[in-house]
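Notes follow once the structure below has been shown.
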Amino acid sequence: MASNGNPAPPAKSKAHHYRIHSFSRRESFVAGIFLRRGLRYLLVLPLLYFSGLIMCVGPFSVMMHPRPLPGSVYRSHEIFLRLWDDIRFDNSSAIELSSLWRYRRKLKEQKPCPETTARRNFGSSMVGHYLVVEANGGLNQQRSSICNAVAVAGILNVTLVIPHFGFHNIWKDPSQFSDIYDEEHFITTLQDYVNVVRELPKEMMELYDFNISNIPNFRVQAWATAKYYLEEVYPVLSEQRVIRIAPFANRLAMNVPPNIQFLRCLTNYEALRFSLPISTLAKNLANRMIDKSSSTGGKYISVHLRFEEDMVAFSCCLYDGGEAENFEMDSIREKGWGEKFKRKAQFSTPGLNRINGKCPMTPLEVGMMLRGMGFANKTPIYLASGKLYHADRNLAPLLHMFPLLQTKESLSLPEELASFEGYSSRLAALDYMVCLFSEVFVTTQGGNFPHFLMGHRRYLYNGHAKTIKPDKSQLALLLQDTSISWKAFKEQMEAMLTESDRKGIVVPRVKKSNRKTSIFKNPIPECRCLWESKNLTLKMDHTLHIPDHL
């Protein structure tokens with residue numbers, strides 16, 4: 001106890017001093033650890049931040065600028081330049097045109113044609129009742145409308161007025177029926193089946209101030225059935241005496257009664273004969289093409305190429321013209337289709353259009369495909385086309401691959417074509433005739449022209465005529481592979497040719513007939529009875545003169 005009487009604080013033991021000192025050292029040690037770790041974190045955190053930023057920016061940049069999907073980019077020209085030496089020196093597996101027929105269509109034995117079909121009378125017509133139609137579109141869309149108009153006139157038992165051709169701001173062809181087809185032959189051929197007149201009677205025209213457009217337009221649903229015409233159109237026609245349907249494309253179902261289908265066949269393959277100026281020049285061009293194909297026995301290939309500027313613009317596909325091409329195509333689209341075109345889905349998906357096989361093939365791509373399939377550079381080719389987009393630049397590679405290529409311009413004299421210039425349908429009719437008699441027909445884009453041509457050739461040659469229809473989706477993949485070898489490309493093209501041949505002999509079943517299996521594309525067997533009634537014996541022999549009746 002302390003001397004002043006207050007109790008003294010307890011004495012601190014050594015152990016206590018040791019614990020305090022020890023704790024201070026640990027505290028200092030821990031503080032040091034945290035300090036050192038803090039410094040390390042300060043150094044590591046920026047590294048982690050920048051690493052994360054790089055990891056995030058990568059996928060983000062991919063989202064902003066994704067890699068193009070396989071087959072979505074046009075690189076055909078680049079591949080052509082790399083493979084050109086292999087292409088021009090390769091004739092190792094040249095196809096002989098005289099031995100092209102790898103597959104033959106085996107037609108099943110059909111039931112005999114009834115006499116009533118060969119000479120069908122549709123009964124008494126409604127005297128003084130008339131059907132007026134407007135055939136819209138290009139040459140073969142108008143052809144479809146004409147065939148359907150005759151069929152509808154047969155269904156309704158009325159008189160058909162020679163179809164009026166509508167003017168389109170894309171085709172810009174003011175031609176009317178008599179400019180394209182032989183009116184007299186058309187009327188005479190159909191006279192035992194459907195009554196056809198050139199115009200409405202004067203007293204009826206007076207009711208409409210001599211203007212066809214004043215006749216009320218009856219709106220008919222697309223792909224309307226025969227029953228629809230009898231139940232919906234016939235009563236109105238009975239009361240009004242005349243009915244106008246405009247436009248008339250695709251206004252009749254493909255599946256109609258046999259006697260009505262016969263009218264379609266008769267119209268398409270017999271009644272529609274090209275006018276004298278067209279048929280005369282077309283036959284001359286075809287015979288000249290045969291003469292220039294003497295090295296192959298008068299046999300040649302025809303190629304329908306859709307690479308006109310309006311077709312390229314409409315497809316919304318991108319090629320190798322850069323910003324200048326984009327600007328040019330935008331101007332063409334706006335001029336031809338206006339602002340409405342910008343709302344089309346394919347406008348913003350050119351890559352998907354190429355992947356899906358919707359892009360028009362370039363002349364270069366056609367040449368590479370045919371050379372890959374085994375056609376030698378001495379193969380005569382007739383090119384059916386309108387004015388090609390940047391023709392001088394785009395046609396050059398095809399001419400290098402096939403120097404014997406001809407067109408209607410190269411086969412004709414300038415004065416012969418002078419009266420056809422500016423009339424797209426008349427020019428297309430010349431192409432149609434020369435393609436009709438080719439040993440092989442190559443279609444590159446689809447549409448009415450190749451469908452009608454394939455059907456017409458099948459009709460003439462008893463069900464089979466060789467057509468090459470490429471798989472454009474597969475081509476898009478192959479022609480984007482910048483490392484592909486010519487040997488590998490050829491193997492793929494030869495396989496594509498085999499598959500095209502296999503599909504070419506398939507005959508759609510009539511019971512499953514629909515829009516895609518129309519008689520315009522596949523006339524056999526539905527038009528067989530007409531074929532037999534005309535006793536056609538044409539064979540694929542181009543040493544013969546082209547028949548006068550076509």
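All residue numbers refer to positions in the sequence shown, counting from 1. Quick note: numbers below take in every heavy atom, side chains included, and nothing from hydrogens, waters or symmetry partners.
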*Take atom CD in Gln221; do more than 12 heavy atoms of anything else shown fall under 6.0 Å from it?*
yes
*asked:* Check the orientation of Tyr459 and Tyr269. Use parallel for under 30°, tilted for 30 to 60°, and perpendicular for over 60°.
replied: parallel
*Verify the neighbour count for atom CD of Glu206: are there more than 12 heavy atoms of other residues, nucleotides or ligands below 6.0 Å?*
yes
*Say whether Asp431 and Tyr382, considering side chains only, have a donor N or O and an acceptor N or O under 3.5 Å apart.*
yes
*What's the spacing between Asn140 CG and Cys147 SG if we round to 0.5 Å?*
10.0 Å
_Using a 3.5 Å distance criterion without hydrogens, assess whether the side chain of Asn214 forms a donor-acceptor pair with backbone atoms of Tyr208._
yes
*CD1 of Ile301 to CZ of Phe441: how many Å apart, nearest 0.5 Å?*
12.0 Å
_Side-chain heavy atoms of Gln406 within contact of Val434, under 4.5 Å_ = no
*Which heavy atom of Pro470 sits nearest a heavy atom of Met361, and at what distance?*
CG-SD, 3.9 Å
*Crowded around Phe210 CZ? As in, over 12 foreign heavy atoms under 6.0 Å?*
yes
*With salt bridge (Lys or Arg N to Asp or Glu O under 4.0 Å) as the test, would you mind laying out the steps for Arg198 and Glu184 before giving the verdict?*
CA-CA 10 Å; Arg198 288 181 172 84; Glu184 188 61 38; 3.0 Å; yes
*Tell me, do Pro380 and Met289 make a side-chain contact under 4.5 Å, heavy atoms counted?*
yes
*Should the heavy atoms of other residues, nucleotides or ligands under 6.0 Å from CZ of Phe420 be counted, would the total exceed 12?*
yes
*Scan side-chain atoms only and decide if Thr467 and Arg457 contain a donor-acceptor pair under the 3.5 Å cut-off.*
no
*Are the side chain of Arg426 and the backbone N or O of Ile278 linked by a donor-acceptor pair below 3.5 Å?*
no
_Thr444 (side chain) donor-acceptor with His304 (main chain) under 3.5 angstrom_ = yes
*Give me the ring orientation class for Tyr319 and Phe307: parallel if the planes are under 30° apart, tilted from 30 to 60°, perpendicular past 60°.*
perpendicular
*Could you tell me whether the side chain of Ser275 and the main chain of Asp179 form a donor-acceptor pair under 3.5 Å?*
yes
*Has the side chain of Ser438 got a donor or acceptor atom that lies under 3.5 Å from a matching backbone atom of Cys435?*
yes
_Glu415 atom CD: more than 12 heavy-atom contacts under 6.0 Å_ = yes
_Arg288 and Glu416 ion-paired at < 4.0 Å_ = yes
*Can you tell me if Arg458 uses its side chain to pair, donor with acceptor, with the backbone of Pro523 under 3.5 Å?*
no
*If you measure from the Lys or Arg side-chain nitrogens to the Asp or Glu carboxylate oxygens, is any gap between Arg306 and Glu308 under 4.0 Å?*
yes
*Begin from the C-alpha positions of Phe262 and Tyr193 and carry the test ring pair (Phe, Tyr, Trp, His ring centres under 6.0 Å) through to its verdict.*
CA-CA 10 Å; Phe262 175 81; Tyr193 308 94; 5.8 Å; yes
_ring pair (Phe, Tyr, Trp, His ring centres under 6.0 Å) between Tyr181 and Phe186, worked out_ = CA-CA 8 Å; Tyr181 299 107; Phe186 181 77; 7.8 Å; no
